[in-house]
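Just so you know, ligand 1 is whichever comes first in the structure, and atom 1 is the first atom listed for that ligand. Both backbone and side-chain heavy atoms feed into the values below; hydrogens, waters and symmetry mates do not. FYI, the numbering just counts along the sequence from 1.
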Amino acid sequence: MAARSIGDLRDALTWARERSLPFYVLGGGSNTIFSDQGFAGLVIQIGMLGMESQPAGLAVRVTAAAGEPWDDFVAHCVAQNWAGIECLSGIPGFVGATPIQNVGAYGQEVADVIEIVEALDTQSLERVTFSAAECGFGYRASRFKAADRGRFVVTGVTFRLVPGGAPELKYADLQKHFVNLPDGTTPTLAEVREAVIAIRKRKAMVLDPAEPNSRSCGSFFMNPVVSRKEFEIIETSARATGLLGPDEKFPHYEAGEGMVKLSAAWLMEHSGLQRGATHGGVGLSEKHILAIINRDHGTAAEVRELMNLVQSRVSKTFGVHLEPEPVFA
Ligand SMILES: Cc1cc2nc3c(=O)[nH]c(=O)nc-3n(C[C@H](O)[C@H](O)[C@H](O)COP(=O)(O)OP(=O)(O)OC[C@H]3O[C@@H](n4cnc5c(N)ncnc54)[C@H](O)[C@@H]3O)c2cc1C
């Protein structure tokens with residue numbers, strides 16, 4: 001059923017509770033893989049709509065209801081010249097799902113700009129609010145995906161954006177895109193949005209019915225985060241076994257607190273996996289090795305099999321576990 005209001009949501013949760021049925025909260029479904037047998041319970045699709053904004057000193061506070069399509073929201077904010085989420089252009093799904101895995105791309109993540117998450121507690125059916133600090137955000141993580149998984153239904157999110165703010169150009173691909181701009185010139189937020197969408201299209205990371213490589217959940221595997229000590233062991237062993245040439249760099253990025261983030265795509269490629277590899281009706285995207293795509297009537301079972309295959313290949317080669325990003329329902 002579709003929940004278009006908090007009242008609808010309470011009714012749906014009560015209905016499921018009275019029948020002792022499990023429930024699944026669905027946004028746009030872009031990060032969900034339903035089992036081939038379907039979901040044996042109540043699927044509640046979030047349909048609350050609406051947006052409002054108010055000045056907050058030099059910033060603007062923008063609240064969007066959970067059922068607003070995320071990319072429409074980004075387009076609206078960019079059109080108003082509000083900086084803070086321009087690099088998150090082209091990501092499918094709804095606003096309400098963005099705090100769940102702390103959606104991020106091209107150098108920005110929602111944790112940087114979220115001020116408040118409004119939710120309904122499925123246990124008490126009371127409305128609750130969380131400050132950003134209370135959300136326990138991390139890399140593709142939050143309390144809503146960890147200890148409190150399934151407990152809170154996000155009903156609205158308030159973001160703090162900067163009117164006329166400069167765009168974020170941290171990411172190498174984006175910097176490359178603007179390399180020919182005259183010195184001292186900064187691209188507009190709209191130009192950055194266009195650039196992000198163009199870069200994403202090259203990787204089939206924008207949903208497009210005409211692009212078979214975009215029939216995915218986005219990047220299927222998260223970039224693994226390991227301690228610096230673990231990284232040194234992995235790197236030494238990769239050099240010793242010839243997986244890495246003497247002058248070749250092992251890509252890694254500082255992840256704070258003595259942790260290091262590895263590139264899941266690089267690990268897959270160096271484990272002998274290739275873009276375009278197929279497994280029954282599913283396969284690895286020809287344009288982005290991290291995406292598992294539905295080639296032709298693929299099944300959820302095949303997605304799981306391919307996931308296991310990739311995980312075991314990378315684990316055998318590097319001793320690193322790749323964690324999936326989508327949710328299996
Ligand atoms: C082509 C493509 C590109 C993508 N690129 C990126 C990217 O660059 N960065 C990134 O981070 N993600 C990316 N994704 C993944 C996905 O789009 C995001 O995670 C998005 O936020 C999921 O939104 P959704 O509404 O579709 O979530 P759904 O698939 O509907 O749900 C995902 C999870 O969130 C829960 N959930 C959804 N709504 C709510 C709610 N209101 N309250 C509580 N729980 C809720 C669900 O129960 C489920 O656990 C991509 C996906 C695709 C298909």
Chemist: Any heavy atom of Arg200 sitting closer than 4.0 Å to ligand 1?
Modeler: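 In this structure, Arg200 qualifies as a contact of ligand 1 - some heavy atom is under 4.0 Å.
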Chemist: Which ILVMFWY residues can you reach from Phe178 by hopping between side chains whose heavy atoms are under 4.5 Å apart?
Modeler: Tyr106, Leu169, Tyr171, Leu174, Leu181, Val192, Val196, Ile199
Chemist: Of the choices Arg215, Met205, Gln101, Glu211, which has the non-hydrogen atom that lies closest to atom 10 (C) of ligand 1?
Modeler: Gln101
Chemist: Does ligand 1 come near enough to Gly29 that some N or O of the ligand is less than 3.5 Å from an N or O of the residue?
Modeler: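 There is such a contact, yes.
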Chemist: Enumerate the atoms of ligand 1 whose separation from the nearest heavy atom of Ile46 is less than 4.0 angstrom.
Modeler: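 The atoms of ligand 1 under 4.0 Å from a heavy atom of Ile46 are 41 (N).
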Chemist: Provide the number and element of each atom of ligand 1 under 4.0 Å from a heavy atom of Glu325.
Modeler: 12 (N), 15 (C)
Chemist: Which one of Phe144, Phe328, Phe152 has a non-hydrogen atom at the shortest distance from atom 43 (C) of ligand 1?
Modeler: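 Comparing heavy atoms across Phe144, Phe328, Phe152, the nearest one to atom 43 (C) of ligand 1 lies in Phe152.
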Chemist: Under 4.0 Å from a heavy atom of Ile91: give me the atoms of ligand 1 that qualify, with their elements.
Modeler: 6 (C), 7 (C), 8 (O), 9 (N), 13 (C), 17 (O)
Chemist: For Gln108, which residues count as a side-chain hydrogen bond (donor to acceptor under 3.5 Å, both in side chains) partner, sequence neighbours excluded?
Modeler: Glu86
Chemist: So is Arg140 close enough to ligand 1, meaning a heavy atom under 4.0 angstrom away?
Modeler: yes
Chemist: Salt-bridged, Arg151 to Asp121, with N to O below 4.0 Å?
Modeler: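 Answer for the salt bridge query: yes.
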Chemist: Quick one: does NZ or CZ of Arg149 land under 6.0 Å from the six-membered ring centre of Phe144, within 45 degrees of the ring axis?
Modeler: no
Chemist: Quick one: look up the protein heavy atom nearest atom 23 (O) of ligand 1 and list residue, atom name and how far away it is.
Modeler: Ala97 CB, 3.3 Å
Chemist: What residue and atom, counting heavy atoms only, is the protein's closest point to atom 44 (N) of ligand 1, and at what distance?
Modeler: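 For this ligand atom, the closest protein heavy atom is Ile100 CD1, 3.4 Å.
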Chemist: Between the candidates Ala291, Ser216, Gly104, which shows the shortest non-hydrogen contact distance to atom 53 (C) of ligand 1?
Modeler: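 The residue whose heavy atom sits nearest atom 53 (C) of ligand 1 is Ser216.
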Chemist: Does Lys261 pair with Glu254 as a salt bridge, N-O distance under 4.0 Å?
Modeler: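 No.
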